[in-house]
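Report on the following structure.
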There are 2 protein chains.
Amino acid sequence: MIFKEKPVIVSRSTLKRLPLYLHLLEGLMAQGLEHVSCTQIAKEFDFDPTQVRKDLEVTGEVGTARIGFRVAGLVDSIKEFLGWNNAHDAFLVGAGNLGKALLGYRDFEKYGLNIVAAFDNDPRKVGTRIFGKEVLPLNKLPNLSKRMHVHIGIVSVPAEYAQSAVDLMVNAGIKAIWNFAPAPLRIPADVILENARLTQSLAVLTNNLKRNRDQGDNNANSDVSKI
Amino acid sequence: MIFKEKPVIVSRSTLKRLPLYLHLLEGLMAQGLEHVSCTQIAKEFDFDPTQVRKDLEVTGEVGTARIGFRVAGLVDSIKEFLGWNNAHDAFLVGAGNLGKALLGYRDFEKYGLNIVAAFDNDPRKVGTRIFGKEVLPLNKLPNLSKRMHVHIGIVSVPAEYAQSAVDLMVNAGIKAIWNFAPAPLRIPADVILENARLTQSLAVLTNNLKRNRDQGDNNANSDVSKI
DNA sequence: GATTTATCGATAAAATTTTCTCCATTAAAA
DNA sequence: TTTTAATGGAGAAAATTTTATCGATAAATC
């Protein structure tokens, strides 16, 4: 019997730090650096070195004492772990401002995401091309997603249309939803939902700002100089 | 002696849930609903009711048994708590794709954010207007930010320029940075930094997708149907 | 070659966040 | 008026995440 590596369930927190490490490591690799220690990485981000070590553990890479980890090995293992080595095709629904920006974001390729087409119900948009990608009417999504085996759907429609867009996608066999709309979404348990909501991040920012202003205190946010 | 309300330090987790509640509550208010219970709110998002209660506690609103909370009161208190009642002026640096999208995102007004101008060093962009907002050369930022008392800076430049953009802003008196670049940033402790990195969210998504695929298991992500 | 230093890996401790439990309160029902 | 059911509030418990500690190991230094 062959033992496949058991898929480790990793905390969101760790998962979200991995791209930061990756970006740093790619820079180091470009500089020709061979090895790097958790201590060094931690210093860059003002993290705890132990935390970095724990995070890197999930990639399966092992370091050597006094030397650290192989940079190239880490880069590859993090990409592998995140699923960024194999490109995933994705559909985008909602070709408004945000949708356009996402369609034009070239870096997604690096992250294994390939937006193959956009969908919108606005007749002025349908038929046009945005950054080389065709804008199709929403009702063409189900057939196409089945034919092309697309499993990721990006939601960049206004909040009030989000649920119906998601329902359509789920029925069409989409297995993972990346949601930019500020709406709660209902999906079956076997579909993956990841929210990327600007408002949440903004909430943290403006609340901090208000607090700073309210108190004129300068040590309350001593933790915010971190990454 | 007058006791000012002591500014409560609230966890990021709570802070990030508040905008979700707010959005829901605004919907309920539009429907004419007067009161709402934590139980109802929790049900919408598949959260724990106690968690919702604890989150709402920070706003200072008190509910009444058997009735719940006043919807209008909650909406106002959450906005107040997040600092979304008073508009904050902001500068945006980097008028690329993402920058453009942010400039065109009308909802920011609702969230108390008012982008007053954009800055870029690309001569083809300087002098143009994007969604009515002027694009200025970066070297005009310091003077303007002081004159206009702008305290928020939005970073949407490529990673390699992020640090220098931030340094410029910090020197110009910017007090809070909203960073979209996938780079680690160094800032003084009294400046607020909030990162809004798409790659982090994408990492969670693609990793989940890979895990699901690797194992063909359907109960490993039983938590992903939540908000 | 011995000693020192930096680092990893594993485990334990601390801190934080989430969930649970119980009780007092309140409006509605009997 | 009394009873009942739903709810908020407070605090305890559980789970998760982060940080600290310690022995082993490998390179650098003496």
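Residue numbers begin at 1 in each chain, while the letters A, B, ... track the order of the sequences. Hydrogens, waters and symmetry mates are skipped; everything else that's a heavy atom, side chains included, is used.
Classified by interplanar angle (parallel below 30°, tilted 30° to 60°, perpendicular above 60°), the ring pair A/F47/A/F45 is parallel. Ring geometry for A/Y111 against A/W84 counts as tilted: the plane angle lies between 30° and 60°, on a 0 to 90° scale.
A distance of 9.5 Å separates NE2 of A/H35 from CG of A/L74, quoted to the nearest 0.5 Å.
If you measure from atom NZ of B/K16 to atom P of C/dT18, you get 10 Å, rounded to the nearest angstrom. Atom C1' of nucleotide D/dG8 and atom CG of B/L74 are separated by 12 Å, given to the nearest angstrom. Between B/D48 atom CG and D/dG11 atom P there is a gap of 18 Å when expressed in whole angstrom units. If you measure from atom CD of A/Q40 to atom C1' of C/dA6, you get 11 Å, rounded to the nearest angstrom. When rounded to the nearest whole Å, the span between CZ of B/R53 and P of D/dA10 equals 11 Å. Between A/L56 atom CG and C/dG9 atom C1' the separation is 12 Å, expressed in whole Å. Going from atom CZ of B/F47 over to atom C1' of C/dT17 covers 13 Å, rounded to whole Å. Rounded to whole Å, the distance from NZ on A/K43 to P on C/dA6 is 10 Å.
Side-chain proximity of B/T50 to the nucleotides C/dC8, C/dT21, D/dG9 is greatest for C/dT21. For B/S37, the side-chain atoms get nearest to D/dG8 when compared with the rest of D/dG8, C/dT7, D/dA20.
Other residues, nucleotides and ligands contribute more than 12 heavy atoms inside 6.0 Å of the OH atom of B/Y105.
Electrostatic pairing of B/D167 and B/R186 does not count as a salt bridge here, judged by no charged N lying under 4.0 Å from a carboxylate O. The residues B/K79 and B/D76 are annotated as not salt-bridged, no charged nitrogen and carboxylate oxygen being separated by less than 4.0 angstrom.
A/L113 places a side-chain heavy atom less than 4.5 Å from the side chain of B/L202.
In this structure, A/F108 has its ring center closer than 6.0 angstrom to the ring center of A/W178.
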Any N/O pairs under 3.5 Å between the protein and nucleotides 12-17 of chain D? List them or say none.
none

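For the contact set between residues 63-71 of chain A and DNA chain C, defined by any heavy atom under 4.0 Å, the members are A/G63, A/T64, A/A65, A/R66, A/G68, A/F69.
The side chain to side chain contact (heavy atoms under 4.5 Å, CB included) test with A/S77 singles out one residue from A/V58, A/T59, A/L18, A/L56, and that residue is A/T59.
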